[in-house]
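Data block below; observations after.
Source: prediction; values computed, not measured.
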Amino acid sequence: MSVESVPLVYTIAKCSAHSGRYSAENILIDNPMDQNSRWSGAYQGSATQWLLLRLETLSILKSITFGKYHKPHQCTMKEFKVLVGTSEEHLVEVLHANLKSDPIPETFALKHHDTAGVCFPTRYVKIVPLSSQTPNYHTSVWHVSMTGINNPTHVELVRSKHEEARETAALRHILKHLRQRRLLTPYHSILARSGLQIEHPLISELYESIVLQGAWAKAETLLGALSHAGLFDAYLHACQPHAAWQRLRGTNADADVPSPRGGHAMCIDPVNDQIYLFGGWDGQKNLDDFWVYNVKDDRWDVLSHGTAAQQNAPGARSCHKMVFDIKTGNIYVLGRLGDADAKPSTGVSPPVGGDSSPQGFCSEFYRYHTRGVDAGKWDFLSFDTASLGGPPLVFDHQMVMDSDAQMVYVFGGRVVDDELSTTKYSGLYSYNVRTSKWKLLQHPDTTGASQVIIPSRFGHSMILEPRSHTLFIFAGQREDKYLSDMYAYDLTTGVATELFSNFTTAGGPDACFTQRAVIDPELCEIYVFCGLTRAPQLAARTALPSEILNWVYRYHPRPGRWTQILPEADPTLAPEPVPRYAHQVVYNPRTRSVFMHGGNAGEVELQNGGDVPREEEGGRAKRLDDFWHMTLKRPAPEEVIRRATYIMRQQQFREMCEETSPVKALNFLQTEVSSVVDHGDPCETETFRALLTHLLAPAPTALPLKSPSPAPEHEDSPPRKRSRPNTPEEHWTSRLDGDEEDCAGTPRVTGAVRSVALRTLTEAPDAWERGATADDGEVGKLGSERYAQRNAVFEALLEFVADEEKQPPGNLLDMIDNGGIS
């Protein structure tokens with residue numbers, strides 16, 4: 001049962017010093033006309049200041065809204081953080097954002113799930129201002145309101161589940177620590193009593209094979225089992241992909257293909273593998289030809305050389321949009337930039353046949369049937385959607401289809417009317433196919449709302465995520481500015497959330513316009529094919545990149561992660577399409593195939609304040625008619641198995657250097673180890689050569705294991721916190737060095753706590769290990785150094801395993817501060 005969010009009541013618990021009469025209690029009242037109705041910090045600049053709010057009851061906090069003065073004010077808080085928790089002492093950051101310098105209240109969604117996806121409750125909210133709109137001014141907070149769930153029954157259920165999740169997480173960290181320290185008897189005792197599972201059973205079996213038994217052949221066999229169980233899938237999907245492009249050269253029976261164009265529309269029938277293409281601009285005129293491409297046969301077919309001559313069909317147009325309904329096989333067409341749309345209309349009359357003549361500034365809506373008895377026929381659904389509560393006549397908007405719900409969604413676009421000197425944008429609309437009704441979801445000119453409003457724009461991208469019923473809207477152009485923001489709009493609740501104010505700083509593309517995007521819901525990925533960009537270093541200059549730049553956006557978990565799609569290592573073997581804009585892209589999630597057609601590879605000419613992809617005759621336009629197929633290449637499971645095998649055989653060789661003849665060890669290095677090395681990888685070959693030093697002068701302790709690949713292409717490659725190495729020099733202790741005296745030279749009272757040497761714990765097997773390895777001949781052979789080496793091998797292999805299937809990350813020791821638990 002869903003529980004609705006409500007306004008939450010709070011009081012001021014504490015705050016840092018305030019300036020003059022601007023006390024914290026002022027933020028309880030929303031009075032934007034009174035400049036005294038605010039909290040203002042006592043200090044200027046970067047001094048630490050804060051407000052601690054206490055909710056009336058324990059609640060699930062979902063959003064926070066900051067009111068503002070009725071006009072831009074230099075003291076208004078700009079950058080800030082929000083921390084929450086159930087007590088004052090333990091708070092976690094859930095938001096780091098900026099307020100805009102305007103009078104419009106801003107609402108921010110707050111994180112209320114932990115990294116494991118478990119919802120958590122909140123009682124205390126700490127607001128930490130970091131800067132004001134104008135530097136070196138006192139920072140002011142005018143009004144704060146919050147929404148969330150305070151239903152006692154629901155909150156108690158959430159609290160109970162969260163506490164249970166915390167207990168589980170704590171036990172899993174303890175279990176990991178015990179196993180690292182070779183305390184296997186208490187480890188298995190806790191497992192048996194709690195019924196807890198620290199990892200997938202195959203991972204536990206891999207641990208025993210490697211660390212306790214040194215059964216390398218068995219461990220290598222287990223790698224195949226892990227791959228078959230899908231434990232490597234998350235790692236493979238997170239690797240930075242390479243694009244594999246192939247130009248498609250199929251024609252129709254007359255050896256024809258769609259002519260060069262940009263600003264056309266495409267949609268795909270993923271069930272029958274057919275792609276539909278309609279209209280566009282060829283540099284001289286708008287087009288009204290209609291084509292279908294059969295993917296399996298690599299063949300184009302002309303459905304109509306001119307739809308304007310057909311009954312109820314649309315006329316020539318560009319910058320329109322077209323979506324396909326998988327359930328019914330219908331295509332919907334909306335919007336246009338026609339040949340006469342830039343000129344004032346002298347009159348409007350409904351079409352008798354097709355749309356061969358200008359229809360003023362009315363927004364026609366069409367449907368085409370690809371199946372059933374009406375296959376090949378057009379329906380003229382509406383002469384003017386604006387008159388029925390829908391969008392006005394627009395171009396460079398976006399439209400998506402929710403086939404399951406039988407809903408069409410339209411957002412943005414530039415409005416076409418007779419006021420050419422004024423730039424207008426359209427809002428967010430829905431169209432119910434079953435009832436033929438339009439509904440306005442967000443007005444383009446809404447201001448002062450208490451919820452997040454997505455700024456309207458044109459030349460942007462909009463993607464429907466069908467599982468969560470979420471629209472992702474990003475990039476595009478508004479006024480003369482290219483955008484690099486991204487929003488998520490929840491169709492169920494009608495709530496918008498800003499995911500990125502600038503995705504460029506998060507590893508995404510530069511601010512861009514007329515880029516194209518498609519989605520793979522199963523992989524939780526959006527693929528972005530960039531068009532025109534404006535890089536920060538180029539100021540306001542519009543540019544077409546010198547090389548094709550494409551991106552993957554993994555949207556789960558929020559806010560998501562951007563990764564660039566790499567080109568083929570040798571483009572001479574696999575040619576790639578040239579950079580372009582005003583092109584079209586469709587995607588078949590069944591075959592995970594991208595199809596791209598046409599566009600403009602020429603220079604940009606600005607018209608009417610925007611980068612409209614239309615140039616006059618004699619310009620530098622370069623309209624394209626090329627058609628491409630692309631798939632993403634990521635490492636195969638066999639590649640992960642090879643890398644993992646290389647890691648294990650390195651350790652196997654090191655042990656052979658200590659236990660067998662040099663000739664046998666050298667033969668193993670030259671055959672078994674060499675066979676799993678990628679000799680084209682400099683890092684792997686360097687590590688391979690370094691192994692020879694163990695044969696020439698075996699050291700009592702192994703060098704730190706190196707991964708067989710630096711994995712620069714993995715999106716998780718930034719440095720991460722790793723477990724401390726289990727070196728023999730590390731000790732557990734209750735005292736600092738020089739433990740008999742404190743810092744002042746006074747003898748220390750040690751009490752009952754005694755230190756324990758790590759070597760003592762890991763040197764000999766405990767009772768459980770002796771019983772488990774009695775038949776393996778390993779009892780007594782596995783010293784502390786080798787135990788640490790093998791454990792390092794095991795943990796290196798865990799890099800390839802999905803987080804939910806392995807021991808928790810981090811180290812229990814890192815949670816211990818000088819004074820105890822940090």
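- Panel note: side chain Lys296, backbone Asp273; no donor-acceptor pair is recorded below 3.5 Å.
- For the pair Thr563 (side chain) and Val552 (backbone), a donor-acceptor distance under 3.5 Å is absent.
- No side-chain donor-acceptor contact under 3.5 Å links Gln584 to the backbone of Gly598.
- Smallest separation of non-hydrogen atoms from Trp628 and Pro575: CZ3-O, 3.5 Å.
- With sequence neighbours left out, Ser194 forms a side-chain contact (heavy atoms from CB on, under 4.5 Å) with Leu171, Ile190, Leu196.
- By the 6.0 Å contact criterion, NE2 on His228 is open, its count of non-hydrogen atoms from other residues, nucleotides or ligands being 12 or less.
- Here Arg643 pairs with Glu639 in a salt bridge; the nearest charged N to carboxylate O distance falls below 4.0 Å.
- Minimum heavy-atom separation, Cys512 to Pro509: SG-CG, 4.5 Å.
- Looking only at distances, no side-chain donor or acceptor of Arg654 sits under 3.5 Å from a matching main-chain atom of His694.
- Under the 3.5 Å distance criterion, with hydrogens and angles disregarded, no donor-acceptor pair is assigned to the side chains of Gln564 and Gln240.
- If you check the side chains of Arg179 and Tyr187, you find a donor sitting under 3.5 Å from an acceptor.
- A donor-acceptor pair under 3.5 Å is formed between the side chain of Glu465 and the backbone N or O of Arg467.
- Taken to the nearest 0.5 Å, the CD atom of Glu795 stands 12.0 Å off from the CD1 atom of Ile647.
- We find that Asp626 and Arg580 are joined by a salt bridge, their nearest charged nitrogen and carboxylate oxygen being less than 4.0 Å apart.
- The shortest distance between side-chain heavy atoms of Ser484 and Asp510 does not fall below 4.5 Å.
- Pro241 places none of its side-chain heavy atoms less than 4.5 Å from the side chain of Leu566.
- Within 6.0 Å of atom CZ in Arg247, more than 12 heavy atoms from other residues, nucleotides or ligands are found, so the atom counts as buried in its surroundings.
- Judged purely by atom type and a 3.5 angstrom limit, Thr470 uses its side chain to pair as donor or acceptor with the backbone of Ser468.
- To the nearest 0.5 Å, atom CD of residue Gln670 and atom OG of residue Ser675 are 12.0 Å apart.
- A donor-acceptor pair under 3.5 Å links the side-chain atoms of Arg642 to the main chain of Val676, judged by distance alone.
- Classified by interplanar angle (parallel below 30°, tilted 30° to 60°, perpendicular above 60°), the ring pair Trp245/Phe529 is perpendicular.
- The two residues Leu499 and Pro559 have their closest heavy-atom pair at O-CB, 3.9 Å.
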>> Between His583 and Thr514, does the side chain to side chain donor-acceptor pair (under 3.5 Å) criterion hold? Intermediate values first, please.
In response: CA-CA 8 Å; His583 50 304; Thr514 69; 5.7 Å; no
> Step by step, would you call Met486 with Glu498 a side-chain contact (heavy atoms from CB on, under 4.5 Å)?
Replying inline: CA-CA 6 Å; Met486 176 178 252; Glu498 185 180 56; over 6 Å; no
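- Below 30°, between 30° and 60°, or above 60°: for Tyr555 and Tyr553 the angle between ring planes is between 30° and 60°, a tilted geometry.
- Between the side chain of Lys176 and the backbone N or O of Gly810, at least one donor-acceptor pair lies under 3.5 Å.
- Annotation: side chain of Thr631 is not in contact with side chain of Val594 (no heavy-atom distance under 4.5 Å).
- The pair Lys806-Glu799 fails the salt-bridge criterion, with no side-chain N (NZ, NE, NH1 or NH2) lying under 4.0 Å from an Asp/Glu carboxylate O.
- Counting heavy atoms from C-beta on, the side chains of Asp803 and Pro809 never come closer than 4.5 Å.
- Taken from CG in Asp681 to OG1 in Thr687, the straight-line distance is 8.5 Å, to the nearest 0.5 Å.
- Interatomic distance, CD of Glu686 versus CZ of Arg689, reported as 8.0 Å (0.5 Å rounding).
- In this structure, Trp216 and Gln651 have side chains that are in contact, with non-hydrogen atoms separated by less than 4.5 Å.
- Side-chain atoms of Ser593 never come within 3.5 Å of backbone atoms of Asn588 as a donor-acceptor pair (strictly under, hydrogens ignored).
- A donor-acceptor pair is defined here as one N or O able to donate and one able to accept, closer than 3.5 Å; such a pair exists between the side chain of Arg770 and the backbone of Pro765.
- Under 4.0 Å is where a charged nitrogen must lie from a carboxylate oxygen, and between Arg172 and Glu199 no such pair does.
- Considering only residues two or more places apart in sequence or on other chains, His629 meets the ring pair (Phe, Tyr, Trp, His ring centres under 6.0 Å) condition with Phe595.
- What you find for Leu624 and Ala601 is that their closest heavy atoms are CD1-CB, 3.9 Å.
- Pairing each heavy atom of Asp485 with each of Phe503, the nearest pair is O-CE2, 3.3 Å.
- In this structure Tyr527 satisfies the ring pair (Phe, Tyr, Trp, His ring centres under 6.0 Å) test together with Tyr587, sequence neighbours excluded.
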> Going through the distances and angles, do Ile641 and Glu220 end up as a side-chain contact (heavy atoms from CB on, under 4.5 Å)?
Replying inline: CA-CA 8 Å; Ile641 292 175; Glu220 290 187 15; over 6 Å; no
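- In this structure, Glu655 CD and Arg790 CZ are separated by 4.0 Å, a value rounded to the nearest 0.5 Å.
- Annotation: side chain of Val793 is in contact with side chain of Met648 (closest heavy-atom distance under 4.5 Å).
- By the 4.5 Å heavy-atom criterion applied to side chains, Gln213 and Lys218 are counted as neighbours.
- Residues Tyr207 and Phe794 place their aromatic rings such that the two centres sit under 6.0 Å apart.
- Phe668 places a side-chain heavy atom less than 4.5 Å from the side chain of Arg649.
- Rounded to the nearest 0.5 angstrom, Gln807 CD and His177 NE2 are separated by 12.5 Å.
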> For Leu632 and Arg592, what are the C-alpha separation, side-chain angles and deciding distance, and is it a side-chain contact (heavy atoms from CB on, under 4.5 Å)?
Replying inline: CA-CA 8 Å; Leu632 293 180; Arg592 294 181 177 165; over 6 Å; no
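- Comment: Glu93 does not engage Lys111 in a salt bridge, judged by the lack of any side-chain N to carboxylate O separation of less than 4.0 angstrom.
- Applying the 6.0 Å contact sphere to NE2 of His96 captures more than 12 heavy atoms from other residues, nucleotides or ligands.
- The two residues Leu175 and Ile198 come nearest to each other via the heavy atoms CB-CD1, 3.7 Å.
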> Please walk me through it: do Trp562 and Phe500 pass side-chain contact (heavy atoms from CB on, under 4.5 Å)?
Replying inline: CA-CA 11 Å; Trp562 290 90; Phe500 298 98; 3.5 Å; yes
